[in-house]
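Heads up, the thing below is written out as structure tokens.
Counting begins at 1 with the first residue of the sequence. Quick note: numbers below take in every heavy atom, side chains included, and nothing from hydrogens, waters or symmetry partners.
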Amino acid sequence: MLSTHVPDLAALELLLGVAREGSLNSVARKAGVSQQAVSARIRAMEKQTGVTLVHRTPRGSTLTVEGVMIAEWAARLLDVAADMDAGIAALRTGQRTRLRVSASSTISELLLPGWLASFRAETPEGGDAPEIVLTYANTAMVVTHVTEGIADIGFTEGPQQPPGLHGRAVGHDRLAVVVAPGHPWARPRIVGAAELARTPLVSREAGSGTRDTFAAALAAVLGPGAEQAPAALSLSTTAAIRAAALAGAAPAVISELAVADDLAEGRLVAVRTPELDLRRTLRAVWDGATSPPSGAARDLIAHILSRRNRQRDGARTRRPGTAAGGS
């Protein structure tokens, strides 16, 4: 730890100014302050160091022998500080020009492409859009990437905020149990939690937000000790689960976002599961401070939240019966 006798960098810069200019008044003009302020700062520095630093005469000011020695040390220290300042500026520029993102399957396949496209489109004219390095992973691996510094930010789909990380909700979705039209569950009827638990399903692999959310929903109804049948297929992407469901492999657990068109066109049928709460929150997560990392990471999260708010406001104005929407 440094002692309390070491002046701060701003005070040392004033001392070097006196050495160069030989005048407190000249130093004050260049610093944009009064001569009284400079003189008071020098006196405070002399009190702090315990030595006289400046000779004041009607013809100007010069450094004492002690002042010269401290000024020489200060010059070396300020050179190092200037290098550090330039390095910090380079790091901040790097944060704005390159962003490492790790995202779980539903978000990376269905949402991030649109978010990133609109984010780049809103880059001011003449500005450089940041380079986005995107890694696809399940939620558990996203948390590892962020915790170990492999990714600047992550996007997760799990039922809870990952422990040890800060985060912000950037959206919501709902899981659905879907089957091909020829499956017995395609007939309008309710499928209970117990039947779902004993049925082999097509789902994501262990560690995914989809699997964790579904398991938590079953446990909320059946109890935490309830067993679940081994998966018919454990797949690593949302696209693979959709393909397996369309092929009629088995009932599948998947985000409604991924199969909205298939449900609308009748290629898949959503199974009624009223016992289960399959809603989940989509989150941006990061390590360190409570606020998102400065630079491109913070800019992207702010853009996503702004885009979500605009879409939500637009949906409200289009809703029948509202003042903005019509009748």
Side-chain angles (χ1 to χ4, degrees), residues 90-123 128-173 175 202-214 231 233-244 253-255 257-258 280-305 307-308:
L91 290 175
R92 290 174 61 85
T93 299
Q95 286 181 333
R96 292 198 175 274
T97 58
R98 188 171 186 267
L99 177 61
R100 300 168 302 164
V101 178
S102 183
S104 50
S105 182
T106 299
I107 295 175
S108 61
E109 292 179 22
L110 302 173
L111 297 173
L112 258 179
W115 292 344
L116 295 179
S118 60
F119 180 54
R120 292 181 66 87
E122 291 190 4
T123 300
D128 292 327
E131 174 193 1
I132 308 292
V133 180
L134 178 59
T135 302
Y136 300 84
N138 62 34
T139 289
M141 190 56 66
V142 169
V143 172
T144 298
H145 288 170
V146 174
T147 302
E148 295 183 354
I150 298 171
D152 301 307
I153 55 171
F155 291 94
T156 65
E157 308 158 2
Q160 297 179 342
Q161 169 83 20
L165 297 180
H166 299 288
R168 190 161 297 170
V170 294
H172 300 85
D173 80 336
L175 297 180
V202 177
S203 184
R204 289 288 306 283
E205 78 284 9
S208 70
T210 296
R211 189 151 178 165
D212 290 347
T213 299
F214 189 72
L233 288 173
S234 291
L235 302 173
S236 60
T237 68
T238 299
I241 294 175
R242 174 179 173 269
V253 180
I254 192 170
S255 169
L257 296 173
R280 61 180 180 174
T281 300
L282 311 179
R283 295 180 178 87
V285 297
W286 60 88
D287 198 9
T290 54
S291 297
S294 62
R298 186 176 300 176
D299 294 343
L300 175 59
I301 293 172
H303 170 77
I304 293 169
L305 293 174
R307 175 186 167 111
R308 183 187 67 174

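Atoms CG and CD1, on Leu300 and Ile153 in that order, are 5.0 Å from each other to the nearest 0.5 Å. Distance check, rounded to the nearest 0.5 Å: CG of Leu257 to OG1 of Thr106 gives 7.5 Å. In this structure, OG on Ser102 lies 11.0 Å from OH on Tyr136, to the nearest 0.5 angstrom.
The side-chain contact (heavy atoms from CB on, under 4.5 Å) search around Asn138 returns Ala140, Met141, Arg204, Glu205, Ser208, not counting sequence neighbours. When the side-chain hydrogen bond (donor to acceptor under 3.5 Å, both in side chains) test is applied to Thr210, the partners found at least two apart in sequence or on another chain are Arg280. Looking at residues two or more places apart in sequence or on another chain, you find no salt bridge (Lys or Arg N to Asp or Glu O under 4.0 Å) involving Arg298. Here Thr156 pairs with nothing under the side-chain hydrogen bond (donor to acceptor under 3.5 Å, both in side chains) rule; sequence neighbours left out.
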Show the atom names and distances, to 0.1 Å, of all donor-acceptor pairs under 3.5 Å that link a side chain in residues 109-120 to residues at least two apart or in another chain.
| residue | atom | partner | partner atom | Å |
| --- | --- | --- | --- | --- |
| Glu109 | OE1 | Ala239 | N | 3.1 |
| Glu109 | OE2 | Ser105 | OG | 2.8 |
| Glu109 | OE2 | Thr238 | N | 3.3 |
| Ser118 | OG | Gly114 | O | 3.1 |
| Ser118 | OG | Trp115 | O | 3.1 |
| Ser118 | OG | His303 | NE2 | 2.6 |
| Ser118 | OG | Arg307 | NH1 | 2.9 |
| Arg120 | NH1 | Pro130 | O | 3.3 |

What side-chain donor-acceptor pairs closer than 3.5 Å can you find for residues 282-291, not counting sequence neighbours?
| residue | atom | partner | partner atom | Å |
| --- | --- | --- | --- | --- |
| Arg283 | NH1 | Gly158 | O | 3.4 |
| Arg283 | NH1 | Gln160 | O | 3.4 |
| Trp286 | NE1 | Ala289 | O | 2.9 |
| Trp286 | NE1 | Ser291 | O | 3.0 |

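The closest side-chain heavy-atom distance from Glu157 to Ile107 is below 4.5 Å.
In this structure, the side chain of Arg211 does not engage the main chain of Val253 through any donor-acceptor pair within 3.5 Å.
Of all non-hydrogen atoms in Gly154 and Val142, the two that sit nearest each other are CA-CG1, 3.7 Å. Nearest heavy atoms, Thr281 versus Ala169: CG2-CB, 3.6 Å. Smallest separation of non-hydrogen atoms from Ile241 and Ser203: CD1-C, 3.7 Å. Scanning all heavy atoms of the two residues, the minimum distance from Gln161 to Gly167 falls at NE2-N, 3.1 Å. Contact detail for Pro159 and Asp212: the closest heavy-atom pair is CD-CB, 3.8 Å.
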